[in-house]
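Quick notes on the structure that follows.
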Amino acid sequence: MTIAIVGGGLGGLALARVLHVHGIDAVVYERDSSRGARGQGGMLDLHSGTGQRALREAGLIDQFHAIARREGQDMRLLEPDGTLLLQEDTPDDAPLERPEVDRADLRDLLLDSLPEHAVRWGHALDSAGDGLLRFADGGSATYDLLVGADGADSRVRALLTDARPVHTGQNAVELGIPDIDRTHPDLAAMVGRGNYWVLGNGQSLSAQRNGDGRVRVYLSFYNTPGDWFATSGIPFGDPAAARMRLIDLLTGWDPRITALIAACDDTIVPRSIATLPVGLTWPSRPGVTLLGDAAHLMPPVGQGANMALLDGALLGLALAAHPDDFPAAVEEYEREMFVRAGAAGRQSAHVQEILTSPDASRKMLAFFQPG
Ligand SMILES: Cc1cc2nc3c(=O)[nH]c(=O)nc-3n(C[C@H](O)[C@H](O)[C@H](O)COP(=O)(O)OP(=O)(O)OC[C@H]3O[C@@H](n4cnc5c(N)ncnc54)[C@H](O)[C@@H]3O)c2cc1C
């Protein structure tokens with residue numbers, strides 16, 4: 001039986017790894033031309049019950065602990081006028097509940113744990129069906145079980161459901177300050193070792209320290225239309241002018257906070273945030289399934305990668321438990337995944353609602369410190 005996994009993101013690789021641990025071969029078809037073809041983005045916090053559980057099933061938890069950053073759990077929550085609402089510093093002996101890890105390091109960990117030819121780079125799926133994968137370069141391959149791990153804009157999804165991602169009203173811009181300790185020590189001290197969060201009226205800034213000394217800065221604009229980038233007046237082709245425009249958009253913000261934007265380099269990435277309907281399901285079909293964002297794209301509030309990893313691990317375990325009955329394995333996996341991802345999707349939607357509300361910072365404080 002040939003298992004084809006389309007997409008070599010965290011979910012697809014976790015599946016390939018757990019299958020490999022159980023002596024089952026699979027082929028991962030990945031669109032990127034090589035592992036270094038594209039930046040993997042910033043940090044992820046992996047939760048002990050989901051993302052870390054997946055790595056335990058994959059036999060990689062010790063290697064994960066070696067690259068995880070305990071102090072990345074530090075958090076500061078502020079209002080746009082600079083009022084500090086919450087500061088949490090992680091003690092040296094704190095449990096690794098939600099340590100941060102660089103996405104690229106985590107992906108490398110998974111890639112290095114697979115046999116050399118398990119990932120076929122430069123294979124962009126164009127369409128699939130009836131046991132045949134057709135790639136953009138004209139090539140093809142056969143499968144008995146197809147797993148769509150191909151992310152938010154999944155091509156495999158259409159085989160199972162008509163659902164499509166819908167814009168959430170959030171438009172985000174990613175920027176970054178390289179080597180912050182050397183280039184801007186004052187801002188480095190302000191951001192601290194982990195997450196620095198400023199929530200305003202329909203706008204937010206989050207700055208996050210990465211393992212390589214870069215601080216990634218995400219600016220989000222909520223309750224904005226899907227074509228907002230075209231109408232916002234942000235000149236993405238001129239990064240210096242774009243930074244000035246972004247600062248202008250944050251009316252009334254403390255200049256010490258907006259200094260983070262002024263200090264960024266010329267990397268500037270617009271991201272329009274979309275989600276699938278919360279609680280999406282489909283009738284199980286024997287030869288195809290989905291995992292990760294392809295199955296349950298959620299707002300980016302800390303659950304998506306954790307769910308993708310656990311999906312991959314649990315699907316791998318189900319297939320290993322039913323090596324002669326993949327349809328039963330797929331059904332078992334989907335039954336659990338629908339419930340788990342539905343719950344995570346509802347929680348993410350709740351956090352997203354807080355972020356979009358006029359008094360987001362106070363509500364978030366109450367979320368972190370209930371009662
Ligand atoms: C700004 C931002 C911040 C986030 N922060 C967090 C966080 O802190 N914690 C968290 O848990 N989650 C976070 N998320 C969500 C998280 O990134 C995703 O949920 C997670 O990456 C999903 O993993 P995946 O393997 O399903 O998909 P992806 O990581 O998207 O991987 C899909 C893979 O499929 C490949 N692919 C796509 N199309 C094709 C094709 N046609 N043919 C072949 N290959 C294809 C892609 O190249 C990619 O390698 C964040 C998301 C965003 C946008």
Side-chain angles (χ1 to χ4, degrees), residues 4-16 27-35 37-47 50-52 54 72-73 98-104 106-107 110-111 119-128 133-137 139 141 146-158 165 168 170-175 194-195 197 204 206 208 210 216-220 269-276 290-313 315 337 341 344-345 347-348 351:
I5 303 167
V6 175
L10 297 176
L13 295 176
L15 169 59
V27 181
V28 180
Y29 294 101
E30 167 54 48
R31 180 176 56 188
D32 289 349
S33 56
S34 68
R35 83 160 70 188
R38 185 168 51 91
Q40 292 302 306
M43 306 293 292
L44 292 169
D45 56 321
L46 289 200
H47 309 170
T50 52
Q52 290 188 52
Q73 299 173 107
R98 295 176 167 229
E100 299 273 345
V101 65
D102 275 61
R103 271 172 183 270
L106 182 60
R107 193 179 189 225
L110 288 161
L111 282 169
V119 180
R120 310 266 162 89
W121 300 100
H123 281 71
L125 183 78
D126 186 42
S127 61
L133 304 173
R134 291 169 216 87
F135 297 104
D137 66 359
L146 166 61
V147 181
D150 48 344
D153 299 318
S154 171
R155 296 259 169 154
V156 179
R157 189 190 293 130
T168 56
Q170 179 183 0
N171 285 290
V173 181
E174 181 187 330
L175 308 115
N195 292 287
W197 238 7
S204 74
S206 87
Q208 200 180 38
N210 288 24
R216 272 173 210 266
V217 178
Y218 296 94
L219 288 174
S220 287
V269 185
R271 294 186 192 280
S272 208
I273 306 296
T275 55
L276 283 167
L290 303 173
L291 61 73
D293 281 1
H296 45 63
L297 180 64
M298 304 171 189
V301 292
Q303 296 269 13
N306 283 277
M307 286 295 127
L309 285 163
L310 190 55
D311 289 354
L315 176 55
M337 182 269 286
Q347 204 218 7
S348 298
V351 174

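The residues of the chain are indexed from 1 along the displayed sequence. First listed ligand is number 1; within each ligand, the first listed atom is number 1.
- Considering only non-hydrogen protein atoms, atom 23 (O) of ligand 1 sits nearest to Ala308 CB, 3.5 Å.
- Remark: ligand 1 and Glu30 share an N or O pair separated by less than 3.5 Å (distance only, no angle test).
- Gly11 N, 3.0 Å is the protein heavy atom nearest to atom 25 (O) of ligand 1.
- Ranked by closest heavy atom to atom 16 (C) of ligand 1, the top entry among Met298, Arg35, Arg103, Arg98 is Arg103.
- The protein atom (non-hydrogen) at minimum distance from atom 26 (O) of ligand 1 is Asp293 N, 2.9 Å.
- Looking at Ala305 against ligand 1, both its backbone and its side chain come within 4.0 Å, counting heavy atoms.
- The only option from Leu146, Asp150, Leu133 that meets the side chain to side chain contact (heavy atoms under 4.5 Å, CB included) definition with Tyr29 turns out to be Leu133.
- Contact between Glu174 and ligand 1 is absent, with no heavy atom of the residue lying under 4.0 Å from the ligand.
- Annotation for ligand 1: atoms under 4.0 Å from non-hydrogen atoms of Pro300 are 2 (C), 3 (C), 4 (C), 50 (C), 51 (C), 52 (C).
- Here the shortest heavy-atom pairing between Ala149 and Leu291 reads CB-CD1, 3.4 Å.
- Using a 4.0 Å cut-off between heavy atoms, Val6 contacts ligand 1 through its side chain alone, with no backbone atom that close.
- Only the backbone of Ala149 comes within 4.0 Å of ligand 1, counting heavy atoms alone; no side-chain atom from C-beta on gets that close.
- Of all protein heavy atoms, the one lying nearest to atom 42 (N) of ligand 1 is Leu125 N, 2.8 Å.
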